[in-house]
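Step one of this worksheet: look at the structure below.
All ligand and atom numbering here is 1-based and tracks the order in the structure. Reckoned from all heavy atoms, side chains included, excluding hydrogens, waters and symmetry mates. Keep in mind that this is a model prediction, so the values were computed, not measured.
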Amino acid sequence: MSARFPEGLAEILPMTAAISADGHLTIGGCDTVELAREFGTPLYVYDEAHLRDRCGQYRDSFAAEAESARVIFAGKSFCTLAMCRLVAEEGLYLDVASGGELATALAAGFPAERIYFHGNNKSESEICEALVADVGRIVIDSFEELARVAHLAREHGVRPRVLLRITPGIEAHTHEFIRTGQLDSKFGFGVEDGVAARAIKTAAEEPAVELVGVHAHIGSQIFLLHSYAKAVDVMIDFLAETKANLGVDLAELNLGGGLGIAYTADDTPETIAGYASTIVGEARRHAAERGIAEPMVAVEPGRSITGNAAVTLYEVGTIKEVPGIRTYVAVDGGMSDNLRPMLYGAQYEALTANRAHEERTREVTIAGKHCESGDVLIKDARLGAGLAVGDIIATPATGAYGWVMSNNYNAVPRPAVVFVADGRARVVVHRESYDDLLRNQEP
Ligand SMILES: *Cc1c(COP(=O)(O)O)cnc(C)c1O
């Protein structure tokens with residue numbers, strides 16, 4: 001590396017990010033300005049080494065804490081054939097939350113027995129697809145679904161292994177749209193109101209399914225490990241009561257995902273190793289305290305594997321100064337390739353890829369190209385003083401819930417995705433064409 005990134009950027013960029021002799025941002029040994037030229041913009045650039053490193057940290061950290069622990073990649077954060085293959089190669093499990101994600105995983109050759117099937121309202125056909133594929137686990141979210149899965153399992157002559165999704169009543173300190181552990185949630189069976197215990201009894205008495213455990217996901221972008229320790233305690237208490245009151249002994253405790261990442265220099269995430277030791281350690285300690293066997297712990301990280309692995313590249317098209325108010329920098333993407341700022345008020349940073357070392361002294365608003373005033377990617381972005389039309393802007397930490405939420409608003413084709421490693425770039429998702437946009441419309 002010939003130059004250093006301005007303060008705070010190295011922590012949020014992919015691990016192989018560097019600056020070339022001519023001041024360009026490089027990732028995986030590839031010059032991002034050249035990538036923009038070759039593949040067009042907006043462009044998602046994923047650092048393959050970063051993805052593999054995070055998978056490896058999860059695999060090794062949890063294996064070091066407990067031999068039986070399972071790490072299940074939350075597919076929805078970046079569900080593509082290339083990612084499913086990478087996750088299979090890294091030896092993780094995979095969770096899918098729809099028939100389409102399941103189809104993607106199967107098309108990638110992901111072993112079905114390592115797949116967990118989620119969703120709070122799976123359709124009958126999605127359930128049948130999961131049964132036919134013979135996925136490893138189905139996570140059941142409601143009484144209606146339990147009856148539906150049991151009925152369809154009987155019809156198919158199979159007996160799926162299932163977990164029940166439990167809402168532990170934990171208020172994780174995160175955005176309300178990504179908070180899922182509280183009683184007032186569309187997800188799962190509540191512990192506090194006694195519904196969860198009733199669901200366990202019903203599922204345990206249902207011969208068409210094999211109830212093997214419970215699942216809880218308290219939310220996403222969580223920075224406080226004690227939120228997880230609390231969730232573990234509630235769930236172990238629940239397992240102990242299930243055993244004492246119903247005589248049902250459940251071996252598997254799946255704690256969902258949600259470990260927070262740094263989107264901006266202000267975010268201070270916990271380490272994967274710290275997360276593993278908190279979860280497994282607390283499960284071990286509290287299970288012993290409650291006199292039950294230590295459960296087989298599983299986690300489902302998404303964002304903390306994919307989030308910081310990617311940047312999005314844009315080209316600056318116009319710069320409009322509103323004197324005394326702000327400067328709008330319009331790029332050639334926006335809410336069609338990154339919906340998170342509009343959906344959650346998510347914050348990002350930006351840098352100029354063709355002058356990556358430049359001190360970021362100028363405050364601007366980075367807007368998209370869509371016909372919405374709310375189409376703002378970053379309200380108070382800092383960029384260099386030399387900012388000009390034609391510059392390539394990179395927004396780090398777009399690897400999770402970015403491309404998968406991309407859409408065709410204003411009939412904008414969805415962007416391409418490239419993986420970079422060892423100086424080579426390969427397209428893993430092609431940019432959509434106008435023909436793609438029109439394919440399903442009656443001419
Ligand atoms: C979204 C989700 C995850 C992954 O959350 P991250 O914040 O991406 O780690 C895991 N499990 C379930 C059930 C989810 O809904």
Would you check if the distance from the ring center of Phe78 to the ring center of Phe73 is below 6.0 Å?
no
Counting from 1, what ligand 1 atoms have a heavy atom of [X] closer than 4.0 Å?
X	answer
Ala74	3 (C), 4 (C), 10 (C)
Arg165	13 (C)
Gly257	9 (O), 10 (C), 11 (N)
His118	13 (C)
Arg303	6 (P), 7 (O), 8 (O), 9 (O)

Give a yes or no answer on whether the side chain of [X] reaches the backbone of [Y] with a donor-acceptor pair at less than 3.5 Å.
X	Y	value
Asp47	Ala49	yes
Arg59	Glu90	yes
Thr398	Thr312	yes

Using the side chain to side chain contact (heavy atoms under 4.5 Å, CB included) rule, pick out the option among Ile279, Thr278, Thr271 that qualifies with Leu225.
Thr278
Backbone or side chain, does any N or O of [X] fall under 3.5 Å from an N or O of ligand 1?
X	result
His215	no
Gly258	yes
Tyr401	yes
Gly302	yes

To check your reading of the model: name the closest protein heavy atom to atom 12 (C) of ligand 1, its residue, and the distance in Å.
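Ranked first by proximity to atom 12 (C) of ligand 1 is Glu300 OE1, 3.5 Å.
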Distance to 0.1 Å, residue and atom name: give those for the protein heavy atom nearest to atom 15 (O) of ligand 1.
Lys76 NZ, 2.7 Å
Could you walk me through whether Glu89 and Arg52 satisfy the salt bridge (Lys or Arg N to Asp or Glu O under 4.0 Å) test, starting with their C-alpha distance in whole Å, then the side-chain angles of each, then the deciding distance to 0.1 Å, before giving a yes or no?
CA-CA 9 Å; Glu89 284 163 16; Arg52 292 190 188 278; 2.7 Å; yes
Among the heavy atoms of Phe187, does any lie under 4.0 Å from an atom of ligand 1?
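The answer is no, since Phe187 has no heavy atom less than 4.0 Å from ligand 1.
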Could you label the plane-to-plane angle of the Tyr263 and Tyr348 rings as parallel, tilted or perpendicular, counting under 30° as parallel and over 60° as perpendicular?
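If you compare the ring of Tyr263 with that of Tyr348, the planes turn out perpendicular.
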Under 3.5 Å side-chain donor-acceptor pair for Tyr44 and Arg414:
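No - no donor-acceptor pair under 3.5 Å links their side chains.
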Which part of Ser220 is near ligand 1, with near meaning a heavy atom under 4.0 Å away: side chain, backbone, both or neither?
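Both of them.
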Examine the proximity of ligand 1 to His217 and report which part, side chain or backbone, both or neither, has a heavy atom under 4.0 Å away.
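Under 4.0 Å from ligand 1, His217 contributes side-chain atoms alone.
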For Glu144, is there an ion pair with Arg148 - N to carboxylate O distance below 4.0 angstrom?
no
